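Only a predicted model underlies this, so the values are computations on that prediction, with no experimental measurement involved. When a residue number appears, it is its place in the shown sequence, counting from 1.
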Amino acid sequence: MIVDIVIPARNEAPTVAAVVDACLGCRYARQVIVVDDGSVDGTADLALGAGAKVVHRDPWESGSKAHAMEAGVNASDAEAILFVDGDCLNLTAAHLDDICRPFVEGRAAMSLGTFDYGFWNWLVLRSPPTTGERIIPRWVFEAVPPEKLDGFTIEYVINGVIAERRLPVTARVMRGVTHRTKRDKFGRLEGTIETVRMFWNVISVPLRGIVRFRAYWYYLRCLTIEH
Ligand SMILES: Nc1nc2c(ncn2[C@@H]2O[C@H](COP(=O)(O)OP(=O)(O)OP(=O)(O)O)[C@@H](O)[C@H]2O)c(=O)[nH]1
Ligand SMILES: [Mg+2]
């Protein structure tokens, strides 16, 4: 089974090199592809220097994280893609190995790692997953219709593709891993506005008919939480 890692990254200079380094250490990964569009902080050079293959999207093309993910998938011919966000903190190769293992061993069609929220992990692990750290077969990404490629909801759409087919999922906490939040990146005001906008997009997914409510029920029935 050939696995490539795709990292969508826009202006992630403080973290991208360490994330690439962790990815290069993942024992299941063949290559690490960073998709950069519109970064103005040297993200692409840092990724290249750390050993990633860098794919550029035209920054003037409209698009989002989901389109960056698509460009990464298009740049790969692997049967499976491990997506990793470029803004993770404290991520190691061992975390990524743990995510890949159930997938590679055939126990899961999608395997997820969630950030470490301490006390709240029990709840996060049972919520509709928003995490960017996940491995899926490439056909799952290719099953997403173009009109559903949207940065704030792509994770839910992928959940929907998996859940509607009742495919097995594993999830585990990536101990010690967090990320730079929107407030870290944009400051308090703009960061809060961005976060509220993102939450609205996410909550409105079933209301807008992008994914059916019942898909969450199917998801929970097919979910195994690993420790
Ligand atoms: N290439 C590219 N990467 C993007 C784009 N939008 C987001 N990303 C990357 O996708 C990853 C996740 O995006 P974030 O903005 O952190 O989204 P999030 O983690 O869901 O949201 P927060 O919880 O607010 O951090 C990061 O590595 C971003 O740099 C984009 O338009 N193009
Ligand atoms: Mg983030």
### Pairing of Arg107 and Glu226 as salt bridge, 4.0 angstrom limit
yes
### Query
Taking atom types as modelled, is there a side-chain donor on Ser111 or Thr170 under 3.5 Å from an acceptor on the other?
yes
### Query
Do Ile7 and Cys23 have side chains that get closer than 4.5 Å, going by heavy atoms?
yes
### Query
Do Phe83 and Phe141 make the cut of ring centroids closer than 6.0 angstrom?
yes
### Message
Do Val211 and Leu220 sit in one hydrophobic cluster, given that two such residues count as connected whenever their side-chain heavy atoms are within less than 4.5 Å of each other, even indirectly?
### Response
yes
### Query
Are Val55 and Val34 close enough, and set up right, to give a side chain to side chain contact (heavy atoms under 4.5 Å, CB included), and what steps lead you there?
CA-CA 6 Å; Val55 171; Val34 169; over 6 Å; no
### Query
Are Asp150 and Lys65 ion-paired here, with the side-chain N under 4.0 Å from a carboxylate O?
no
### Query
Going by heavy atoms in the side chains, are Tyr219 and Pro129 under 4.5 Å from each other?
yes
#### Entry: Hydrophobic cluster identity match, Val32 and Met69, side-chain contacts under 4.5 Å
no
### Task
For Thr43 and Ser39, indicate whether the former's side chain and the latter's backbone hold a donor-acceptor pair under 3.5 Å.
no
### Query
Looking only at atom types and distance, does a side-chain atom of Thr181 sit under 3.5 Å from a main-chain N or O of Asp184, one as donor and one as acceptor?
yes
### Query
From Met174 CE over to Leu89 CG, what is the distance, rounded to the nearest 0.5 angstrom?
10.5 Å
### Query
Does the distance from a Lys or Arg side-chain N to an Asp or Glu carboxylate O, for Asp37 and Arg10, drop under 4.0 Å?
yes
### Task
Taking all heavy atoms of Asp36 and all of Ala44, pick out the closest pair and write down the distance.
OD2-CB, 3.8 Å
### Task
Please answer: with hydrophobic residues joined when any side-chain heavy atoms are less than 4.5 Å apart, are Val161 and Tyr218 in the same cluster?
no
### Query
CD1/Ile135 to CZ/Phe103 distance, rounded to the nearest 0.5 angstrom?
4.5 Å
### Message
Is there a continuous path of hydrophobic side-chain contacts, each under 4.5 Å between heavy atoms, that joins Val144 to Tyr216?
### Response
yes
### Query
Side-chain donor-acceptor pair under 3.5 Å between Arg134 and Asn159, yes or no?
yes
### Query
Does atom CZ of Arg208 have more than 12 heavy-atom neighbours, drawn from other residues, nucleotides or ligands, at distances under 6.0 Å?
yes
#### Entry: Derivation of the side chain to side chain contact (heavy atoms under 4.5 Å, CB included) call for Phe115 and Cys88
CA-CA 9 Å; Phe115 292 145; Cys88 292; 3.9 Å; yes
### Query
Can you tell if the side chain of Val19 reaches within under 4.5 Å of the side chain of Val84, non-hydrogen atoms only?
yes
### Message
Strictly distance-based, threshold 3.5 Å: is any side-chain N or O of Asn121 a donor or acceptor partner for the main-chain N or O of Asp116?
### Response
no
### Message
Minimum heavy-atom separation for Leu82 and Cys100, please, with both atom names.
### Response
CD2-SG, 3.7 Å
### Task
Over all heavy atoms of both residues, which pair between Leu91 and Ala22 is shortest? Give the atoms and the distance, please.
O-CB, 3.4 Å
### Query
Val157 and Val205: same hydrophobic cluster, using ILVMFWY side-chain contacts below 4.5 Å?
yes
### Message
What I want to find out is whether Arg30 reaches Asp4 closely enough, with some N-O distance under 4.0 Å, to be called a salt bridge.
### Response
yes
### Task
Give a yes or no on this: more than 12 heavy atoms of other residues, nucleotides or ligands lie within 6.0 Å of atom CH2 of Trp120.
no
### Query
Would you say Arg126 and Leu123 make side-chain contact, with heavy atoms under 4.5 Å?
no
### Query
What are the two closest non-hydrogen atoms of Gly151 and Ile154, and how far apart are they?
O-CG2, 3.9 Å
### Worked verdict on Cys26 versus Ile5 for side chain to side chain contact (heavy atoms under 4.5 Å, CB included)
CA-CA 9 Å; Cys26 174; Ile5 298 183; 4.2 Å; yes
### Query
Do you know the tightest heavy-atom contact between Gly176 and Asn90?
O-ND2, 2.9 Å
### Task
Output the distance between atom CG (Leu96) and atom CZ (Arg101), rounded to the nearest 0.5 Å.
11.0 Å
### Task
May I ask you to test the Glu79-Pro137 pair for a side-chain heavy-atom distance under 4.5 Å?
no
### Task
Take atom CZ of Arg221 as the centre, draw a 6.0 Å sphere, and report whether it contains more than 12 heavy atoms from other residues, nucleotides or ligands.
no
### Task
Evaluate the ring planes of Trp122 and Phe119, with Trp represented by its six-membered ring, and classify them as parallel (under 30°), tilted (30 to 60°) or perpendicular (over 60°).
perpendicular
#### Entry: Heavy-atom side-chain contact between Ile81 and Ser76 under 4.5 Å
yes
#### Entry: Heavy-atom pair of closest approach, residues Ala68 and Pro8
CB-CB, 3.9 Å
### Task
May I ask you to test the Asn11-Phe186 pair for a side-chain heavy-atom distance under 4.5 Å?
no
#### Entry: Distance (rounded to the nearest 0.5 Å) between Ile136 CD1 and Met110 CE
8.0 Å
### Salt bridge present between Arg212 and Glu164 (N-O < 4.0 angstrom)
yes
### Task
I would like to know whether Glu190 and Arg183 meet side chain to side chain contact (heavy atoms under 4.5 Å, CB included); could you show each step before the answer?
CA-CA 7 Å; Glu190 203 187 329; Arg183 283 173 71 165; over 6 Å; no
### Query
Is any side-chain heavy atom of Ile99 less than 4.5 Å from a side-chain heavy atom of Glu133?
yes
#### Entry: Salt bridge Lys182-Glu194, side-chain N to carboxylate O under 4.0 Å
no
### Query
Nearest 0.5 Å, what's the CG-CG distance between Leu112 and Leu223?
8.0 Å
### Message
Just verifying a value: how many Å separate Arg172 CZ and Thr114 OG1, rounded to the nearest 0.5 Å?
### Response
10.0 Å
